[in-house]
Amino acid sequence: MATTLVLGAGMVGVSTALALQESGEEVVLVDRMGIGRETSYGNAGCIQTEAVEPHAIPHDAKAMLKILLKQDNAVNWHLGSIAEHIRPLWAYWKASTPDTYARICDHYAAIMKQAEVYHAPLVNAAKANDLIEHHGYYVLYRDKADFEQDKRNAQRVFDRFQVPYEVLSGEEMKSVYPYMKGKPEGGIHYTHVWTCRSPGALTNAYGKLFLQRGGQFEYGDAQSLKASEQGYSVLTENGVVTADKVIIALGAWSNTVAERFGYHFPLFRKRGYHRHFHMQHLPAYPIFDKQTATFLSPMNQGLRVCTGAEFTQFDAPVCTRQIDRSEKAARELFELGKAVEETPWFGHRPMLPDMLPVIGEAPHHKGMWFHFGHGHQGFTGGPASAQILLNYMQGKQDELMSAVSPARFVADQSH
């Protein structure tokens, strides 16, 4: 019998399996789709150590009005999903008030700033250095007022969290992107960010490393999870697998399993889209177009055009509103060729209202552990938060662990 089951083989799950394996656990990793096939495949490909402040709901009336009127491409929403999202979004809005948000950022930054520390040995051991580049990414500004405001904000973040950056003029941005059309107002270069030319391939490389080190992967259905006196079991293609402990690291699908055991987290999902395009001259570095909330990443498949967040029902059909706007923005900046995929890809970012992940043991089920809810930064923070989980399992405790504990949501729930 294995020591631990890890349910979910995205970046968070694979990182968890590797951390537990290194501590001496015998781990079985279980996923219905394979390793790195869901959200970890589809992100913008940045290990964002600069992202020390999570995405909050703006409390500025003008910004909120733009969202409500669907004028801001960073957010799209659907009336039919309001009932599903209203309670967690209200809690999200309250958590975004300045004083509360500042405290949240302290904990969030503690995870993000450790991202490279825990990614680096995995990249080297997995022989995946060819996927990683160390030149950072650039934020492009078309609007002068927006540029000036973000320069002030970048300095504020540097003063508080020591996130390095460089300010570029419009001409300097043109020299970095010689095939860019027009002339922007300027740019900000986040110099120490790592970028990845295939997030799915990096997650898969970590998964292969786990297998090379003696780990076991099984295709299986997390919904089949059962608890017994012997521990926990799950049904896989090769039969039932049993272990003493189970880690639920299923991202946006985590609640569907947790609720079967009486745990009701206020988890909600931000859907995101991407599409690849052929280009004769790929940009040398990723670029974020601030005005249209469009992230452009040079990938092995072509230029990946990524959108902001969509609030919709989990099983809602594809809505191309944001990706169409983002494609239009990308074509205003660069000469794009044809789309690589016939239809856009989409995935789900799992969010909790306080913008922090859930990391810790289930209050009413000994041996059941939660590790999900990383929002936009599961790819970035997976290895670092896996270390937090490992510390928790080894009996350590600190202020950060208390902040991410599931007890903040379920202490008063019974099973």
Side-chain angles (χ1 to χ4, degrees), residues 2-48 114-134 194-222 234 236-239 241 243 245-251 253 274 276 297-301 304 345 347 369 371-372 374 377-390:
T3 309
T4 308
L5 290 169
V6 175
L7 305 183
M11 179 58 79
V12 173
V14 172
S15 299
T16 301
L18 282 162
L20 294 173
Q21 183 184 59
E22 190 168 356
S23 74
E25 302 267 347
E26 185 178 340
V27 183
V28 179
L29 182 62
V30 180
D31 195 283
R32 61 176 183 167
M33 297 289 291
I35 297 173
R37 302 292 296 175
E38 294 283 0
T39 309
S40 293
Y41 163 79
N43 59 74
C46 289
I47 297 175
Q48 285 190 261
Q114 292 294 307
E116 289 177 4
V117 173
Y118 291 102
H119 268 288
L122 297 180
V123 169
N124 290 330
K127 296 181 173 58
N129 291 284
D130 61 314
L131 296 173
I132 301 295
E133 297 180 351
H134 304 272
W194 294 8
T195 59
C196 178
R197 295 189 67 87
S198 178
L202 184 65
T203 307
N204 192 261
Y206 287 3
K208 289 181 179 178
L209 177 63
F210 167 72
L211 297 177
Q212 291 165 5
R213 291 177 170 177
Q216 180 181 345
F217 174 81
E218 296 287 347
Y219 288 94
D221 183 6
V234 67
T236 74
E237 288 185 354
N238 291 316
V241 178
K245 298 184 286 292
V246 63
I247 316 294
I248 297 174
L250 292 161
W253 293 267
H274 84 226
H276 295 100
S297 295
M299 296 279 176
N300 291 340
Q301 302 99 314
R304 178 174 290 187
W345 176 95
W369 295 79
H371 191 199
F372 58 84
H374 294 71
Q377 301 299 347
F379 183 73
T380 294
S385 66
Q387 186 61 43
I388 296 171
L389 175 67
L390 181 60

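- Looking only at side-chain heavy atoms (C-beta outward), L390 and L20 come within less than 4.5 Å of each other.
- Taking each heavy atom of A222 and L7 in turn, the nearest pair found is CB-CD1, 4.0 Å.
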Distance-only check: which donor-acceptor pairs under 3.5 Å involve side-chain atoms of residues 198-212, not counting sequence neighbours?
from: S198; atom 1: OG; to: A201; atom 2: N; distance (Å): 3.3
from: T203; atom 1: OG1; to: P199; atom 2: O; distance (Å): 3.0
from: Y206; atom 1: OH; to: H119; atom 2: ND1; distance (Å): 2.9

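- Distance CE/M11 to CD1/I35: 11.5 Å, rounded to 0.5 Å.
- Scanning all heavy atoms of the two residues, the minimum distance from G13 to V6 falls at O-CG1, 3.5 Å.
- Put simply, the residue from H134, E133, Q48 that forms a side chain to side chain donor-acceptor pair (under 3.5 Å) with W194 is H134.
- Atom-to-atom distance recorded for S297:OG and N43:CG is 8.5 Å, nearest 0.5 angstrom.
- V14 and A9 make their closest contact through CG2-O, 3.6 Å (heavy atoms, listed as atom of the first residue, atom of the second, distance).
- Within the model, atoms CG of L131 and OG1 of T195 stand 10.5 Å from one another, a figure rounded to the nearest 0.5 Å.
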* Residues C196, F379; criterion side chain to side chain contact (heavy atoms under 4.5 Å, CB included); working and verdict -> CA-CA 10 Å; C196 178; F379 183 73; 4.2 Å; yes

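- Contact annotation: the side chain of T16 approaches that of L389 to within less than 4.5 Å [non-hydrogen atoms, C-beta and beyond].
- Distance check, rounded to the nearest 0.5 Å: CD of E237 to CZ of R32 gives 13.0 Å.
- Minimum interatomic distance between S385 and H374 (heavy atoms only, all atoms of both residues): OG-NE2, 2.9 Å.
- Here the closest non-hydrogen pair linking M299 and R304 is CG-CB, 3.6 Å.
- Atoms CG and CG, on L18 and L29 in that order, are 8.5 Å from each other to the nearest 0.5 Å.
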* D221 vs V234, side chain to side chain contact (heavy atoms under 4.5 Å, CB included): CA-CA, chis, key distance, verdict -> CA-CA 7 Å; D221 183 6; V234 67; 5.8 Å; no

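- In this structure a side-chain-to-backbone donor-acceptor pair under 3.5 Å is missing from S40 to G36.
- Put simply, the side chain of Q114 does not reach to within 4.5 Å of the side chain of Q387, judged on heavy atoms.
- Ring geometry, Y41 versus H274: the interplanar angle falls from 30° to 60°, so the pair is classed tilted.
- Checked against P383 for a side chain to side chain contact (heavy atoms under 4.5 Å, CB included), the options V12, L122, V123 give a single hit: L122.
- With values rounded to the nearest 0.5 angstrom, T236 atom OG1 is found 7.5 Å from Q216 atom CD.
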